Each structure stands twice: as structure tokens, then as C-alpha cells.
Amino acid sequence: MPTFRQPEWQQNADRHTELIDPVLTVRQLSRFEFNLKSYVRIDHALVFATAKGGYEAYLPPRRPTRGEIATNRYTAVYEVDMGVHPHTTELPLPSDNDAFEFTAQVDLSWQVLDPARFVASGHRNVPGLLLGELQQAARPVTRRFAIADSAAAEREMLEAMNLLGPLGAPAGLQVTWTVRLRRDQDNIDHQRRLQSIDHSAEEQMRVAQRGMDIDALQLDRAMAYGVQQQDLLLQQQRWQHEQAMLQGRQMLELQQIEAQKIAFFQHHLEQGGVHQWALHLAQHPEDSRLVMQSMRDDQLRMIQAQMDLVKQLLSSEAAESWELEGPKQLALRTVHDILNQRMPGVAQQALPEGEGPPAVPVGLRPACVG
């Protein structure tokens with residue numbers, strides 16, 4: 001069998017290699033090179049170039065036969081990877097100020113859907129092709145927005161990009177994509193510093209406000225406590241004043257009672273022994289028997305003493321009759337009093353009209369009997 005030529009283009013790639021060009025190998029064909037099965041992976045597509053400059057694709061697992069190769073007179077074969085390939089990158093996009101740029105985070109997932117169209121397009125850098133289309137649609141949109149308006153810029157940018165149609169379709173590609181727009185890192189760091197300052201200031205304001213609230217609460221409590229203490233002090237002073245007034249009235253009443261006692265005792269002490277015994281009996285009614293016995297004994301002794309005096313006066317011969325006239329009259333009156341059963345020591349004259357003995361003080365009044 002004829003030997004095969006070395007490929008003009010070959011990538012040392014496997015399933016896990018990150019590709020930017022899905023064309024893995026390119027081989028020139030002669031009319032005797034028919035067996036390609038041992039050199040091509042089963043999941044790769046084969047694109048044959050014809051002599052007229054066309055391209056015919058054989059999708060896996062289909063492969064051309066010897067007759068097809070000889071009949072169509074293929075001049076070259078392209079081995080194309082038809083797997084799904086992810087790609088992630090960042091794109092700088094301008095803002096309305098050249099000093100600041102947006103950063104677009106782009107996530108792509110692409111796959112060769114039409115190998116013949118892709119080979120015919122001549123593109124060999126799929127991420128570059130797709131990112132170029134994204135930039136062409138996004139740059140005029142983001143140029144109208146300030147760096148701080150990243151949300152509004154992202155919204156309008158996505159609307160403009162959706163109007164483009166499927167990315168990579170002219171090159172036979174199937175693409176899914178996601179774009180997120182944000183400010184540049186310097187602006188993000190600046191905003192974070194400002195946010196940190198705002199947070200710190202807000203915390204300090206909150207601490208100060210809470211401190212003021214606590215101070216106001218403590219002040220209110222202190223004022224309420226002071227008012228309560230003042231009320232208690234006023235109540236205590238009023239109570240002390242009332243106690244002092246009550247004590248004053250009691251002292252005045254005691255003084256009045258003492259004055260009544262003094263007047264009572266003074267009056268009855270002036271009246272003689274009978275009134276003294278009556279006063280004692282009013283204060284101590286249990287001593288009535290003793291009082292009566294003492295009064296009887298005093299009366300008898302006084303009568304006896306008066307009788308002895310009368311006898312001496314009537315039988316005296318030492319004095320003249322005119323000198324004994326007065327004593328004799330007194331003796332006769334005494335005899336008359338004894339005969340009339342008057343108590344010795346009681347004054348004979350009547351009390352003036354409208355006057356009487358002082359009232360018995362409250363403390364000396366005897367209890368009512370029967």
C-alpha cells in the first residue's frame with residue numbers, strides 16, 4: 001500500500017485540551033491514498049477539499065469509501081473537532097470617560113455545528129472571532145454610560161447584543177454566552193473604601209444615637225426619681241408639721257387641764273378639811289369607808305375640843321364680863337352649830353349668787369355609780 005504523507009497541520013490535542021481552533025489536522029491527498037480510518041478519531045468530522053475549491057463534510061461516524069474518494073478527486077482532508085468547548089475571559093469596554101473602563105466577564109461555550117462552513121470561513125481562532133463580535137456590539141453602548149451606571153449599561157448592552165443574532169453562525173458555530181458588566185477594579189476598590197467609610201460613620205452615628213437615647217433615659221429616670229424624692233420629702237414635712245401641731249394642741253389641752261386642776265385644788269384647799277376629804281374621795285372612791293371614818297373621828301375630836309373650850313370660857317372668873325362678851329358669843333354660836341349638826345370647818349356665809357365651785361377637772365371626775 002502507498003505510504004501516507006505527513007500532515008501539513010497537526011495539533012497535539014485530546015478530549016481535555018482547551019482549543020481555539022477545532023481543525024486538528026490538514027493533509028494533502030493523492031489519488032492512491034484511500035485508507036484514512038486508522039488516522040482519524042471516530043468522533044471527529046472529516047472535511048474534504050475538492051478540485052473545484054469546494055468542501056464536503058462527513059460527520060462522524062460516516063467515512064467516505066474508496067470509490068467516493070476516487071470519484072470526487074479530493075485534494076485535501078481536514079479533521080475537525082465537533083466537541084463542546086468552554087471559554088472564559090474578561091473584556092475591557094469604554095465608559096463615557098476615557099479614564100475609566102468597564103470590565104465585561106464573558107463565559108462562552110462553542111461547538112462546530114457545520115464543519116464544511118467552518119473550514120471554508122478560514123477562521124482559526126474561535127474565541128477571538130466570538131469576542132470580536134461581542135465587542136463590536138457592546139462598545140457603542142457602554143460608551144454612553146458613566147462608570148457608576150454599570151447596571152443600566154449592562155441592560156442596554158444585552159439588548160443590543162441580542163439583536164445581532166446567533167454568535168458565530170456565519171462560521172458554522174453554535175454558541176451560548178453570558179456577559180456580566182462591572183466597573184473596573186480601581187473604581188470597585190474606591191467604592192468599597194467609600195462604603196467602608198459610610199458603614200463606619202453610620203456605626204458611629206448609631207453608637208452616638210444609642211448613647212444619647214441611654215443618656216435621655218437615665219436623665220428621665222433621674223428626674224422621675226428626684227420628683228418622687230421631693231414628693232416624699234414634702235409628705236414627710238407635712239406629716240412632721242401635723243405631728244407638731246397635734247403635739248401643740250395636746251400640750252395646750254394638758255396645760256388647760258393642769259390649770260383646771262390647779263384652780264380646783266386651790267378652791268377646795270381654801271374650803272377646809274371637808275372639801276379635802278371630798279376631793280380625795282372623788283379621786284379614790286375605794287377609800288370611802290376610810291374617809292367616812294376619818295371624818296367622823298375628826299368631827300368628834302373637834303366637837304370635844306369646842307365643848308372643852310366653851311366650858312373653860314363659861315367657867316372662867318379671871319377676866320371681866322365685858323372682856324368675855326365676844327368669846328361667849330362665839331361659844332354660844334359653836335354650841336348652836338353643834339346642835340344644828342353643821343360640820344366644823346365649813347364657812348357659814350353663803351356663796352355669792354351665780355358663783356359656784358370650780359368644775360371638777362376631767363381627770364378627777366368620779367365614775368357614775370348605779
Side-chain angles (χ1 to χ4, degrees), residues 217-310 312-313 326-327 329-370:
L217 179 60
Q218 292 179 348
L219 181 60
D220 292 340
R221 289 181 177 177
M223 292 180 64
Y225 179 77
V227 171
Q228 185 179 9
Q229 289 295 108
Q230 186 177 6
D231 292 341
L232 292 176
L233 181 60
L234 291 175
Q235 293 178 4
Q236 185 178 7
Q237 291 177 353
R238 284 196 295 268
W239 181 81
Q240 292 177 352
H241 177 70
E242 292 174 357
Q243 292 296 319
M245 294 293 294
L246 181 60
Q247 291 179 359
R249 287 195 297 269
Q250 292 177 351
M251 291 296 296
L252 183 60
E253 292 176 357
L254 290 176
Q255 290 177 1
Q256 292 176 354
I257 293 173
E258 292 294 331
Q260 292 177 3
K261 288 182 179 180
I262 292 172
F264 177 79
F265 290 135
Q266 182 178 2
H267 172 76
H268 287 284
L269 288 175
E270 291 176 352
Q271 302 303 315
V274 176
H275 292 82
Q276 294 180 7
W277 282 115
L279 176 62
H280 180 79
L281 186 60
Q283 295 179 349
H284 305 282
E286 69 277 2
D287 296 340
S288 58
R289 182 184 299 275
L290 177 60
V291 170
M292 296 302 294
Q293 184 65 37
S294 298
M295 290 178 64
R296 187 180 296 108
D297 293 342
D298 291 342
Q299 185 178 10
L300 293 176
R301 284 194 297 271
M302 185 175 292
I303 292 173
Q304 184 64 42
Q306 290 179 350
M307 293 300 294
D308 292 340
L309 179 59
V310 170
Q312 291 178 6
L313 290 176
Q329 294 292 333
L330 178 60
L332 291 174
R333 189 181 302 113
T334 301
V335 173
H336 183 270
D337 292 337
I338 293 172
L339 294 176
N340 289 333
Q341 296 182 357
R342 292 190 179 182
M343 293 296 292
V346 179
Q348 300 300 320
Q349 68 274 15
L351 292 173
E353 185 177 358
E355 295 185 4
V360 180
V362 178
L364 300 179
R365 293 177 184 175
C368 294
V369 179

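Bear in mind that the values here come from a model prediction, so they are computed numbers and not experimental data.
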*Asks:* To the nearest 0.5 angstrom, please state how far the CG atom of L254 sits from the CD atom of Q247.
*Replies:*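 Here the interatomic distance stands at 11.0 Å.
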*Asks:* Quick one: CZ on R249 to CD on Q256, what's the gap to the nearest 0.5 Å?
*Replies:*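 Nearest 0.5 Å value for the CZ-CD distance: 12.5 Å.
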*Asks:* Rounded to the nearest 0.5 Å, how far apart are CE of M251 and CD of E258?
*Replies:*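 The distance works out to 9.5 Å.
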*Asks:* Could you grab the distance from atom CZ of R238 to atom CG of L233, nearest 0.5 Å is fine?
*Replies:*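 If we round to the nearest 0.5 Å, R238:CZ and L233:CG are 10.0 Å apart.
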*Asks:* Find out whether Q243 and Q240 are in side-chain contact, i.e. whether some heavy atom of one side chain is under 4.5 Å from a heavy atom of the other.
*Replies:*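 No; the side chains remain at least 4.5 Å from each other.
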